Amino acid sequence: MALLNFGGVEEEVILREEFPLEKARETLKDETIAVIGYGVQGPGQGLNLRDNGFNVIIGQRQGTGSWDKAIEDGWVPGENLFDIETACKKGTIIQYLLSDAAQIALWPTVKPLLTAGKALAFSHGFGVTYSDRTNIIPPADLDVFLVAPKGSGTSLRRMFLAGRGLNSSYAVYQDATGNAKDRAVAYGIGVGSGYLFETTFKKEVFSDLTGERGTLMGAIAGIFEAQYNILREHGHSPSEAFNETVEELTQSLMPLVAENGMDWMYANCSTTAQRGALDWKNKFRDAVKPVFKDLYQSVASGEEAQRSIDSNSQPDYREKLEEELTEIRESEMWKAGKTVRSLRPEREEKKVTV
């Protein structure tokens, strides 16, 4: 492990240089990794593992769009693409990547197939952490670990193809064989992690649910709407309001913040922007901190988990979801966004003459 300094706090992380891909392959050379579910994370993890030379099979329900997508991605039925039950029987590491609701529904089917010495792997601590609500309680004779890429499966795949890595957390919940940590780290390297940092199942799900509802999606979407609506109420055009609210942030500023940090961003903008941003930063922080406090308490108490379970298990969940997404899609702001995106110039290879 490498001991690195994160904002004045030392933390142990695992770098690819100290646990290279060759070591990961050697660690898992006798394993068959069964990726169960080919929806959100399955394609990215499965394809990256396959391209990195691991023995991978996919378990997915036949007759679904995800089954068809797996075939389009080169997985072959009967060879490395199977129904879920068959994949669980064949696999020695069962990566349980179904949605949280589907994990709960399929657990009675999957659990009897998890024989002694196998590893049950997750990319989310939800099912195990909230076992009193999900009934997902792994048998004691299994290794149980977690590798959670900090981003979408699409991002994981895109960054892998670009020769980069998406950072991942890892955790060992149960070590029945004595090799659970090595299996977890090797798996994390195999899916293309930039570096791996240690967590627990509980901390992973608490941070993940807070982030999804907070700055990753919920909070940022709410802030977008608030600023856009204020600008429109004061007579700014949809194009001006959207560009100033979303386009400039996502296309210009955030890539620079990602590369250099927020302090660099402040140092490299106009003095007017500097002063205003620094003055208003603390006002926004103080205004939203109570909301984040309530959010974290709701996650820690299990209220958010129960709300998700209750909602996602409803037979008309998809229909209700589509209604909510349609409302967003058909809002003026995101209609304006669609037009703005269509007007972005295509990337061109330009010859520069000096």
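Sequential numbering from 1 along the given sequence is applied to the chain's residues. Every value quoted in this text rests on a predicted model; they were computed, and no experiment measured them.
Partners of Arg232 by salt bridge (charged side-chain N to carboxylate O under 4.0 Å, His left out), not counting sequence neighbours, listed by chain and number: Glu332. Residues forming a side-chain contact (heavy atoms from CB on, under 4.5 Å) with Ala176 (at least two apart in sequence, or on another chain): Asp143. Listed by chain and number, the residues in a salt bridge (charged side-chain N to carboxylate O under 4.0 Å, His left out) with Asp73 are Lys69 (sequence neighbours excluded).
Rounded to the nearest 0.5 Å, atoms CG (Asp83) and CD1 (Ile58) are 13.0 Å apart. Taking CD of Glu212 as the start and OG of Ser207 as the end, the distance is 9.5 Å to the nearest 0.5 Å. The CG atom of Asp175 sits 11.5 Å away from atom CG of Leu142, with the distance rounded to the nearest 0.5 Å. Leu15 contributes atom CG, which lies 13.0 Å from atom CZ of Phe197 (distance to the nearest 0.5 angstrom).
Residue Arg318 qualifies as open at atom CZ: its count of foreign heavy atoms under 6.0 Å is 12 or below.
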Exercise. Show the numbers, then the answer: is there a side-chain contact (heavy atoms from CB on, under 4.5 Å) between Leu49 and Ile33?
Key: CA-CA 9 Å; Leu49 286 163; Ile33 301 169; 4.1 Å; yes
Quiz item: Could you go step by step and tell me if Glu322 and Thr326 meet the side chain to side chain donor-acceptor pair (under 3.5 Å) rule?
Solution: CA-CA 6 Å; Glu322 184 54 34; Thr326 298; 3.1 Å; yes
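In this structure a side-chain-to-backbone donor-acceptor pair under 3.5 Å is missing from Glu244 to Tyr228. A donor-acceptor contact shorter than 3.5 Å is absent between the side chain of Glu198 and the backbone of Glu12. The main-chain N or O of Gly188 is found under 3.5 Å from a side-chain atom of Ser193 such that the two form a donor-acceptor pair. Proximity of a side-chain donor or acceptor of Thr64 to a complementary backbone N or O of Arg61 within less than 3.5 Å is detected.
Side chains of Gln314 and Asp310: a donor-acceptor N/O pair is absent below 3.5 angstrom, by distance only. For the 3.5 Å distance criterion, the side chains of Glu31 and Thr92 qualify, holding a donor opposite an acceptor. Under 3.5 Å, the side chains of Ser155 and Ser152 contain a donor-acceptor pair of N or O atoms. Judged purely by distance below 3.5 Å, without hydrogens or angles, the side chains of Gln41 and Ser123 never pair a donor atom with an acceptor atom. Donor-acceptor pairing under 3.5 Å is lacking for the side chains of Trp107 and Tyr96. For the residue pair Arg25 and Asn52, no side-chain donor N or O sits within less than 3.5 Å of a side-chain acceptor on the partner. Ser169 and Thr199 form no side-chain donor-acceptor contact under 3.5 Å, judged by distance and modelled atom types alone. Using a 3.5 Å distance cut-off with no hydrogens or angles, the side chains of Gln297 and Ser301 do not pair a donor with an acceptor.
Between Glu304 and Arg307, at least one side-chain N (NZ, or NE/NH1/NH2) sits under 4.0 Å from a carboxylate O, which counts as a salt bridge. Using a 4.0 Å cut-off between charged nitrogen and carboxylate oxygen, Arg341 and Glu247 do not count as a salt-bridge pair. For the pair Asp51 and Arg157, the salt-bridge criterion is met [side-chain N within less than 4.0 Å of a carboxylate O].
By the 30° and 60° cut-offs, the orientation of the rings of Trp75 relative to Tyr38 is perpendicular. Between Tyr296 and Phe206, the ring planes lie perpendicular to each other; the angle is over 60°, past the 30° to 60° tilted range. Note on ring orientation: taking the six-membered ring where Trp is involved, the planes of Tyr173 and Phe201 are tilted (angle from 30° to 60°).
Contact check for Trp67 versus Pro77: side-chain heavy atoms found under the 4.5 Å cut-off. At least one side-chain heavy atom of Lys181 sits under 4.5 Å from a side-chain heavy atom of Tyr170. Using a 4.5 Å heavy-atom threshold, the side chains of Tyr187 and Phe145 count as touching. Between Arg16 and Leu196 there is no side-chain heavy-atom pair separated by less than 4.5 Å.
Considering every non-hydrogen atom in both Leu209 and His124, the closest pair reads CD2-NE2, 4.2 Å.
Because its NZ or CZ atom is both nearer than 6.0 Å to the ring centre of Phe19 and within 45° of the ring axis, Lys23 counts as a cation-pi partner of that residue.
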